[in-house]
Structures are given as C-alpha cells and as structure tokens.
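Predicted model, so just to flag it, every value in this text is computed and none were measured.
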Amino acid sequence: MNNIDNKQSIEKLNELLKGEKMAATIYDKTKGLQKDSQVKELLEDFAQDHHRHAQQLEERINQLGGNPNENIGVSGIMANMMAKLNAIRGPKHLLKQIYKGESMGVKAYEKRIDDLEPISQEIVQGLIEEDREHLRKFEARVDEERRES
C-alpha cells in the first residue's frame, strides 16, 4: 500500500499544473510574434500539448478531491514578459528561453514524481516523455539556427 495521501498528491499536481499553464500561456502569447514559420509551428504544437497536459492534471486533481489552481503567479507573469521580449528579439533568443523552461519543467516533474500516488505517477510519466520530445525538437531547431547564423 502506498503511503502517499491524496492531499500530498493534489499539492504536487497543482505545482506541476502551474508550470503547464505558464508554458501554454508563453507559447500562446509568443507564437503570433514569430516571423519564422517553423518556430511558430513548434510553438503552436507545444501550446496544444501543454493545454492538454494542464487539462489532464486538472482532471486528476479533481478525481483526488482537490481544486485545480488557476494562478500562474508572479514568476509566470515575469516569464511571460521575458518570452514576449525574446520573441521580438528573434527566434534564437526565444528558443533559448523556451528550451530552458521546458528543461526546468522536466526537472520539476522528475523531482515530484515520487511524491505522487501511483495513478498520478503514471500520468506524469507520460507528460515527462512528451516534454522530453519537446526538448529534442528544440535541440534540432537550435542546431538549425546555429547553422543558419
């Protein structure tokens, strides 16, 4: 029997939900600022993924009897402002910030996964895999950006 209670899982899932909402917001706000159609397409795809991830986390929080937290907080607002600035500066700057954010997101999941009950762990493991795929796509695009410079 797992000794992790629902309250602990809800708390950790809400922390992860905040990151997913932050990522989706950043991608939604910056994709329209991109002149580079390939980067814009990446941002659109990743925004959809993060909206879906947020929905999955919200559903799980509800199943556990909790209330999903809708707030992205001050750090989310600041990251959003930086992303807009970097989007205007160009794809290289934006990709660097977004890669860092995706990497931090994967680490946040890995750090919290052991604090979740088994069903939530399974959900989170799937989200980690998708975010790792985002990192691979970003790496490929950043490499391409370097070659174009």
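Atom CD1 of residue I128 and atom CD of residue E133 lie 14.5 Å apart, to the nearest 0.5 angstrom. Atom CD in E44 sits 10.0 Å away from atom OG1 in T30 (nearest 0.5 Å). Distance check, rounded to the nearest 0.5 Å: NZ of K137 to CD of E102 gives 11.0 Å.
Inter-residue side-chain proximity for L57 and L127 is flagged as met; some heavy-atom pair is nearer than 4.5 Å. By the 4.5 Å heavy-atom criterion applied to side chains, I98 and L43 are counted as neighbours. Side-chain atoms of I123 and L116, non-hydrogen and from C-beta on, never get closer than 4.5 Å to each other.
Here the closest heavy-atom approach between residue L17 and residue A54 is recorded as CD1-O, 3.5 Å. Here the shortest heavy-atom pairing between Q121 and I113 reads NE2-O, 3.0 Å. Residues L135 and S103 approach most closely at CD2-N, 3.6 Å, considering heavy atoms.
With sequence neighbours left out, the salt bridge (Lys or Arg N to Asp or Glu O under 4.0 Å) criterion links E129 to R132. Applying the side-chain hydrogen bond (donor to acceptor under 3.5 Å, both in side chains) rule to D143 yields the partners R146; only residues at least two apart in sequence or on another chain are considered. In this view, E130 and D49, R52, H53 satisfy the side chain to side chain contact (heavy atoms under 4.5 Å, CB included) rule, not counting sequence neighbours. Remark: D28 pairs with K31, A47, H51 by the side chain to side chain contact (heavy atoms under 4.5 Å, CB included) rule, at least two apart or across chains. The salt bridge (Lys or Arg N to Asp or Glu O under 4.0 Å) search around E11 returns none, not counting sequence neighbours. With sequence neighbours left out, S120 forms a side-chain hydrogen bond (donor to acceptor under 3.5 Å, both in side chains) with R60, E117. Residues passing the salt bridge (Lys or Arg N to Asp or Glu O under 4.0 Å) test with E59: none are found, sequence neighbours excluded. The side chain to side chain contact (heavy atoms under 4.5 Å, CB included) search around K111 returns none, not counting sequence neighbours. Listed by chain and number, the residues in a salt bridge (Lys or Arg N to Asp or Glu O under 4.0 Å) with D45 amount to none (sequence neighbours excluded).
At a threshold of 4.0 Å, the pair E58-K21 counts as salt-bridged, since one of the basic side-chain nitrogens sits closer than that to a carboxylate oxygen. Between R136 and E139 there is no salt bridge, since none of the side-chain N atoms of the basic residue sits less than 4.0 Å from a carboxylate O of the acidic one.
Between the side chain of N14 and the backbone N or O of N69, at least one donor-acceptor pair lies under 3.5 Å.
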message: Using the rule given for side chain to side chain contact (heavy atoms under 4.5 Å, CB included), can you reason through L13 versus V124, listing the C-alpha separation, both sets of side-chain angles and the distance that settles it, and then say yes or no?
response: CA-CA 9 Å; L13 290 170; V124 164; 4.1 Å; yes

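For residues 112-142, the pairs satisfying ring-ring contact (aromatic ring centres under 6.0 Å, His included) are F46-H134, F46-F138, H50-H134, with sequence neighbours left out.
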